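As structure tokens, the structure follows; a few thoughts come after it.
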Amino acid sequence: MWNSPKVGILGGGQLGRMLVESANRLNIQANVLDVENSPAKQISAHDGHVTGSFKERESVRKLAESCDVITAEIEHVDTYALEEVASKVRVEPSWQAIRTIQNKFNQKEHLRKYGIPMADHRELQNNTPEELAQIGEQLGYPMMLKSKTMAYDGRGNFRVNSKADIPEALEALKDRPLYAEKWAYFKMELAVMVIKTKDDVLSYPTVETVQEDSICKTVYAPARNVPDAINQKAQALARKAVSAFEGKGAFGVEMFLLEDNSLMLCELASRIHNSGHWTMEGCALSQFDSHIRAILDLPIPPKSLELLQPSIMLNIIGGATPDSHLKATEAALSIPNATIHLYSKGAAKPGRKMGHVTVTAATMHEAETMIQPLIDVVDEMRA
Ligand code: ADP
Ligand code: MG
Ligand code: NA
């Protein structure tokens with residue numbers, strides 16, 4: 001093994017844990033910044049980890065001292081800390097990219113300059129009912145009220161069906177910086193994982209994502225009944241959007257496929273992403289492998305990002321009871337061709353991502369048939 005640089009990871013949740021899995025297979029030391037015994041640290045026994053938070057300046061400084069490259073499993077990090085340490089350690093992707101992307105309104109304003117199609121949206125200045133009612137006149141109903149910051153898994157979105165919903169919407173998202181978005185009448189949600197390397201922008205095949213209560217439930221790779229032309233067009237749009245940002249690594253790009261087969265960007269993330277978990281079994285290099293290679297300037301043969309077999313990923317999410325994820329796991333053990341990934345997060349809460357299962361098969365139809373009993377179990381245990 002070559003004398004490999006050390007990687008620092010802001011965040012030790014499930015995404016950090018799967019990054020560490022990839023680093024481990026290459027004998028690359030990954031130093032994780034998060035609380036003690038976080039999921040990523042549990043599978044990595046060395047004394048290079050840092051106890052603290054990716055939102056604290058001092059902890060990020062400490063991590064930077066022991067690493068050659070710093071990356072993040074989450075975009076909600078202290079980018080001012082990253083800006084400071086960037087003079088001593090490489091930060092991938094760039095702190096500028098993370099700062100712009102973590103504010104979804106700024107992200108969209110930035111992407112607009114690059115001609116990326118998006119739903120029309122309006123910024124709120126003072127979060128009053130009068131202001132939102134005026135925006136409602138412009139965008140029409142329903143519209144989606146969204147938090148600019150700290151938004152994930154739908155926690156930051158409120159569907160406003162009519163003017164009558166405005167007080168409830170503003171109450172639900174109070175004290176947050178807001179914008180409102182025109183409703184997107186999509187027939188399908190698509191996603192593409194993009195890998196930005198030192199001199200290339202690569203993409204994985206286009207997948208179909210299914211959200212339930214705004215949380216990703218299943219991912220189908222490739223997207224079902226989507227012609228190759230749209231698959232290629234979505235990949236091109238995703239690469240174009242990611243090219244608008246500086247730095248190396250994986251980016252997750254979410255899109256809407258509209259009735260007329262045109263595409264719109266929903267949002268993008270400057271990190272490995274739930275819509276790319278299927279690549280662990282579906283491709284020769286997973287999104288986590290590719291991210292590690294990209295930030296360390298290691299080769300990524302484009303062929304290794306091609307789909308090997310149709311794959312379906314199902315999230316195991318905390319349900320009605322604290323043990324519902326265990327029941328889902330138990331059921332998954334008997335599903336043919338299923339690979340189970342549990343994140344070791346401890347107690348389940350409704351909506352918390354506890355693990356995922358990927359089923360691969362020679363055809364999408366076969367994969368659908370095999371995973372259906374598990375989907376039925378998961379549906380029964382919904383919170
Ligand atoms: P996050 O994933 O960070 O919570 P998103 O903007 O991706 O935020 O919204 C979550 C989900 O809400 C999307 O995957 C989509 O299903 C739905 N959604 C978001 N924006 C719109 C919109 N403008 N019109 C219709 N549905 C939307
Ligand atoms: Mg999203
Ligand atoms: Na997987």
Side-chain angles (χ1 to χ4, degrees), residues 11 13-15 72-77 98 100-112 116-124 132 135-136 138-162 165 169 172-173 176-194 206-220 223 234 237-238 241-242 250-260 262-277 287 313 315 317 350-353:
Q14 73 267 23
L15 299 174
E73 64 145 17
I74 179 169
E75 60 270 28
H76 307 300
V77 298
I98 299 174
T100 304
I101 288 168
Q102 70 181 189
N103 179 310
K104 294 193 182 184
F105 181 76
N106 293 348
Q107 171 190 138
K108 286 169 182 174
E109 290 298 290
H110 181 75
L111 286 169
R112 193 210 296 277
I116 303 298
M118 281 169 287
D120 200 7
H121 51 260
R122 299 276 187 285
E123 183 175 25
L124 276 78
L132 188 53
I135 291 172
Q138 293 164 8
L139 299 178
Y141 296 96
M143 63 179 170
M144 193 71 99
L145 185 62
K146 295 186 164 188
S147 175
K148 293 179 183 175
T149 57
M150 295 303 294
Y152 65 98
D153 288 349
R155 293 172 224 204
N157 286 0
F158 195 100
R159 179 182 167 143
V160 186
N161 288 318
S162 71
D165 288 347
L173 296 174
R176 302 176 73 166
L178 302 176
Y179 68 107
E181 201 167 84
K182 193 178 171 75
W183 198 259
Y185 291 94
F186 55 81
K187 60 178 177 185
M188 195 185 270
E189 291 191 77
L190 301 176
V192 171
M193 286 309 306
V194 174
T206 305
V207 301
E208 170 188 355
T209 67
V210 178
Q211 272 61 236
E212 207 169 74
D213 302 328
S214 284
I215 302 180
C216 175
K217 180 186 184 187
T218 46
V219 173
Y220 296 83
L237 175 61
V242 169
F251 291 74
V253 183
E254 300 174 15
M255 284 165 278
F256 299 130
L257 178 63
L258 305 179
E259 288 298 337
D260 65 356
S262 63
L263 292 165
M264 242 181 205
L265 181 122
C266 169
E267 61 162 346
L268 63 76
S270 53
R271 54 169 169 80
I272 51 253
H273 194 263
N274 197 171
S275 67
H277 291 356
Q287 60 166 342
M313 192 266 345
N315 274 332
I317 296 172
R352 190 172 200 203
K353 288 175 180 163

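Just so you know, these numbers come straight off a predicted model, no measurement behind them. All ligand and atom numbering here is 1-based and tracks the order in the structure.
- In terms of protein heavy atoms, atom 1 (P) of ligand 1 is closest to Glu267 OE2, 3.4 Å.
- Within the 3.5 Å criterion, the main-chain N or O of Cys216 finds a donor-acceptor partner in the side chain of Asn315.
- Short contacts between ligand 1 and Glu254, defined as distances under 4.0 Å to a heavy atom of the residue, involve ligand atoms 7 (O).
- Other residues, nucleotides and ligands contribute over 12 non-hydrogen atoms within 6.0 Å of the OH atom of Tyr141.
- By the 4.5 Å heavy-atom criterion applied to side chains, Thr209 and Asn274 are not counted as neighbours.
- Residue Arg159 places every heavy atom at 4.0 Å or more from ligand 1.
- For ligand 1 and Glu189, the ligand atoms under 4.0 Å from any heavy atom of the residue are 13 (C), 14 (O), 15 (C), 16 (O).
- Checked against the Mg ion (ligand 2), the N, O or S atom of Glu254 at the shortest distance is OE1.
- Among all non-hydrogen protein atoms, the one lying nearest atom 17 (C) of ligand 1 is Met144 CE, 3.9 Å.
- Looking from atom 26 (N) of ligand 1 to the surrounding protein, the closest heavy atom is Phe186 CE2, 3.6 Å.
- The single protein non-hydrogen atom nearest to atom 23 (N) of ligand 1 is Glu181 OE1, 2.9 Å, given as residue, atom name and distance.
- For ligand 1 and Asp153, the ligand atoms under 4.0 Å from any heavy atom of the residue are 1 (P), 4 (O).
- Only one option out of Lys146, Lys104, Lys108, Lys148 pairs with Glu267 in a salt bridge (charged side-chain N to carboxylate O under 4.0 Å, His left out); it is Lys104.
- Distances from the Mg ion (ligand 2) show that Glu267 has an N/O/S atom below 2.8 Å.
- For ligand 1, the polar-atom distance check against Gly154 finds a nitrogen or oxygen pair separated by under 3.5 Å.
- With contacts defined as side-chain heavy-atom distances shorter than 4.5 Å, the pair Met118/Glu181 does not qualify.
- Less than 4.0 angstrom separates some heavy atom of Lys146 from each of these atoms of ligand 1: 6 (O), 19 (C), 20 (N).
- Judged by the shortest distance from any of its heavy atoms, His121 lies outside the 4.0 Å radius around the atoms of ligand 1.
- By the 4.5 Å heavy-atom criterion applied to side chains, Ile101 and Phe251 are counted as neighbours.
- Heavy atoms of Lys182 approach ligand 1 to within less than 4.0 angstrom.
- The two residues Ala234 and Thr206 come nearest to each other via the heavy atoms CB-OG1, 3.5 Å.
- Heavy-atom distances between Tyr185 and ligand 1 stay at or above 4.0 Å for every pair.
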Let me see the working for Leu132 and Leu124 under side-chain contact (heavy atoms from CB on, under 4.5 Å), right down to the final yes or no. CA-CA 7 Å; Leu132 188 53; Leu124 276 78; 4.3 Å; yes
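- Checking Arg159 against Asn161 by side-chain atom types alone, a donor-acceptor pair falls below 3.5 Å.
- In this structure, Gly156 has no heavy atom closer than 4.0 Å to ligand 1.
- Closest to atom 9 (O) of ligand 1, if we only count protein heavy atoms, is Asn157 ND2, 2.9 Å.
- When only non-hydrogen protein atoms are considered, atom 21 (C) of ligand 1 lies nearest to Phe256 CZ, 3.7 Å.
- Residue Arg271 is tested with Glu75, Gln287, Glu73 for a side-chain hydrogen bond (donor to acceptor under 3.5 Å, both in side chains); the sole match is Glu75.
- The closest non-hydrogen atom to atom 22 (C) of ligand 1, taken over Ala119, Ser275, Ala184, comes from Ala184.
- Taking the six-membered ring for Trp and thresholds of 30 and 60 degrees, Tyr179 and His121 have ring planes more than 60 degrees apart, a perpendicular arrangement.
- When hydrogens are left out, the protein atom nearest atom 3 (O) of ligand 1 is Lys104 NZ, 2.3 Å; that is the closest non-hydrogen contact.
- Nearest non-hydrogen protein atom to atom 11 (C) of ligand 1 is Ser214 OG, 3.9 Å.
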Derivation and outcome, side-chain contact (heavy atoms from CB on, under 4.5 Å), residues Leu237 and Met255: CA-CA 9 Å; Leu237 175 61; Met255 284 165 278; 3.8 Å; yes
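- A donor-acceptor pair under 3.5 Å is formed between the side chain of Gln102 and the backbone N or O of Val77.
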Run the side-chain contact (heavy atoms from CB on, under 4.5 Å) test on His277 and Leu15 for me, step by step, so that the C-alpha distance in whole Å, both residues' side-chain angles and the decisive distance to 0.1 Å come before the verdict. CA-CA 9 Å; His277 291 356; Leu15 299 174; 3.3 Å; yes
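- Both the backbone and the side chain of Trp183 come within 4.0 Å of ligand 1, judged by heavy-atom distances.
- With ligand atoms numbered from 1 in the order given, ligand 1 contributes 3 (O) to contacts under 4.0 Å with heavy atoms of Ala151.
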Does the side-chain contact (heavy atoms from CB on, under 4.5 Å) test come out yes or no for Leu257 and Leu263, once each step is laid out? CA-CA 5 Å; Leu257 178 63; Leu263 292 165; 3.8 Å; yes
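- When each atom of ligand 1 is checked for a heavy atom of Cys266 under 4.0 Å away, the hits are 5 (P), 6 (O), 7 (O).
- For ligand 1, the atoms closer than 4.0 angstrom to any heavy atom of Gln211 are 14 (O).
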